[in-house]
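Below: one structure, written as structure tokens.
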Amino acid sequence: SQPDPEEGQWAQQIWRQYTLNQFSLRDLARSHRRDEVKFELPLSNEQVLPARLINSILRLDPACHGLPSLPDDLNLMGFLKGSIDLMFRVTQNGQDRYYISDYKTHWLGDEKGSQLGHYHPEALREVMNKHHYHLQSHLYQVVLHRLLEQRLGTGYQPEVHFGGSYYLFLRGMAGSESRIITPQGDQGCAGVYFHKPIYAVTELLSLALSNPHEAEQKLSELGVRITH
């Protein structure tokens, strides 16, 4: 969700200290970003979308292996509506890549308080699963995927244009102190979680929203059994 104005101003100040894959959100041109992107994903008018199908698709993403399953008896119809905090484009080496960013204001810690270690990317992976944010990220990526298909047409190359999702846990972003340096090198920042898309998962999930039966057939061809 969007942070309140005070948090937003604070984030603007510290973003200049953060580099995400060799770019900074602070330096994004206004023309390269869209804030609060509202979307509405229509589901099939003729078929229900069973949650067990979504569960089976998400299991193809290793990042989702700790994600709690949706109830198998849940069936979806109608529309999925939401809002993406930030969608942006970065040009590197003459090539455009498109990303999503979502802001989180969670307090993470224990009875002893909150430390930067609670916002380490590995710790955030558990938070992403606990709160179903990996599912949210995949749905956001479907939105981006469909938009790029529409805007770029035959020039759309997912492996080139599809960047991924950055989840920014603002309370863990403490400027230069948040940098994680190990003997193996720079490991990123506390408070910053990157979800790298697997295009096959995005494509299957997009198909499941519009044609669940065809998506089930595709999964079957991949050797994935859907539990009824």
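Quick caveat, the model's predicted, so the values are computed rather than measured. All values below were derived from every heavy atom in this structure, side-chain atoms included, with hydrogens, water molecules and symmetry-related copies excluded. Heads up: numbering here begins at 1 and tracks the sequence.
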Interatomic distance, CG@N129 vs SG@C64, rounded to 0.5 Å, equals 6.5 Å
Taking C-beta and beyond as the side chain, do R89 and R33 meet within less than 4.5 Å on heavy atoms? no
Show your reasoning for whether side chain to side chain donor-acceptor pair (under 3.5 Å) applies to S220 and E216. CA-CA 6 Å; S220 178; E216 287 196 22; over 6 Å; no
How far does CG of L86 sit from CG of D35, to the nearest 0.5 angstrom? 5.5 Å
Rounded distance (nearest 0.5 Å) linking atom CG of L168 with atom OG of S101: 3.5 Å
After noting the C-alpha distance and the side-chain angles of V90 and L28, does the key distance pass the side chain to side chain contact (heavy atoms under 4.5 Å, CB included) rule? CA-CA 8 Å; V90 175; L28 287 177; 4.1 Å; yes
Taking the side chain as every heavy atom from C-beta outward, state whether L135 and L139 have any pair of such atoms under 4.5 Å apart. yes
Using only atom types and a distance under 3.5 Å, with no angle test, would you say the side chain of H195 pairs donor to acceptor with the backbone of S137? no
Under the side chain to side chain donor-acceptor pair (under 3.5 Å) rule, what do T105 and R171 come out as? Steps first, then yes or no, please. CA-CA 6 Å; T105 58; R171 294 180 187 272; 5.2 Å; no
Pairing of E159 and R97 as salt bridge, 4.0 angstrom limit: no
Do L152 and V37 belong to the same hydrophobic cluster, where Ile, Leu, Val, Met, Phe, Trp and Tyr are linked whenever their side-chain heavy atoms lie under 4.5 Å apart, directly or via other members? yes
How long is the straight-line distance from CZ of R151 back to OH of Y98, given to the nearest 0.5 Å? 9.5 Å
Using a strict cut-off of less than 4.0 Å between a Lys/Arg side-chain nitrogen and an Asp/Glu carboxylate oxygen, indicate whether D85 and R34 qualify as a salt bridge. no
Linking I/L/V/M/F/W/Y whenever their side-chain heavy atoms sit closer than 4.5 Å, directly or via other members, would L80 and L74 fall into one cluster? yes
Salt bridge present between R59 and D61 (N-O < 4.0 angstrom): no
State plainly whether one hydrophobic cluster holds both L207 and L147, where clusters connect Ile, Leu, Val, Met, Phe, Trp and Tyr through side-chain heavy atoms under 4.5 angstrom apart. no
How close do V192 and P121 get, counting heavy atoms only, and between which atoms? O-CG, 3.7 Å
Looking at S69, is its backbone amide N or carbonyl O close enough to the side chain of R52 to form a donor-acceptor pair, meaning the two atoms are under 3.5 Å apart? no
With a 4.5 Å heavy-atom cut-off, do L58 and L70 have their side chains touching? no
For a side chain to side chain contact (heavy atoms under 4.5 Å, CB included) check, start with the C-alpha distance between E221 and Q217, then their side-chain angles and the critical distance, and finish with the verdict. CA-CA 6 Å; E221 292 172 0; Q217 180 60 37; 3.6 Å; yes
M77 and I54: same hydrophobic cluster, using ILVMFWY side-chain contacts below 4.5 Å? no
In short, P212 meets Q47 closest at the heavy-atom pair CD-OE1, 3.1 Å
Do F194 and Y166 have ring centres separated by under 6.0 Å? yes
Between K38 and K81, is a side chain to side chain contact (heavy atoms under 4.5 Å, CB included) present by the stated rule, with each step listed? CA-CA 8 Å; K38 299 185 185 306; K81 300 172 66 175; over 6 Å; no
Looking at E46, I want to see if its CD is surrounded by more than 12 non-hydrogen atoms of other residues, nucleotides or ligands under 6.0 Å. no
Looking at every non-hydrogen atom in both residues, tell me the closest pair between Y103 and L170 and how far apart they are. CB-CD1, 4.5 Å
For the residue pair I84 and V143, establish whether any side-chain heavy-atom pair is separated by less than 4.5 Å. yes
Could you give the distance from CD (E214) to CG (L204), rounded to the nearest 0.5 Å? 10.0 Å
Pair H145 + Y199: ring centers closer than 6.0 Å: yes
Both conditions, 6.0 Å and 45 degrees, for the charged tip of K104 above the ring of Y167: are they met here? no
Between the side chain of Y140 and the main-chain N/O of S83, is any donor-acceptor distance below 3.5 Å? yes
Is the gap between the ring centers of H134 and Y193 under 6.0 Å? yes
Restricting to non-hydrogen atoms, name the atom on L60 and the atom on I198 that form the minimum distance, rounded to 0.1 Å. O-CD1, 4.0 Å
With heavy-atom distances below 4.5 Å as the criterion, would you say the side chains of Y156 and Q150 are in contact? no
Check: N75 and L49 side chains under 4.5 Å, non-hydrogen atoms: no
More than 12 heavy atoms of other groups within 6.0 Å of E126 CD: no
Go through the steps for V127 and F169 under the test side chain to side chain contact (heavy atoms under 4.5 Å, CB included), then give the verdict. CA-CA 10 Å; V127 176; F169 291 78; 3.8 Å; yes
Do the side chains of L144 and R146 get nearer than 4.5 Å, heavy atoms only? no
Value for NZ (K130) from NE2 (H106), rounded to nearest 0.5 Å, stands at 8.5 Å
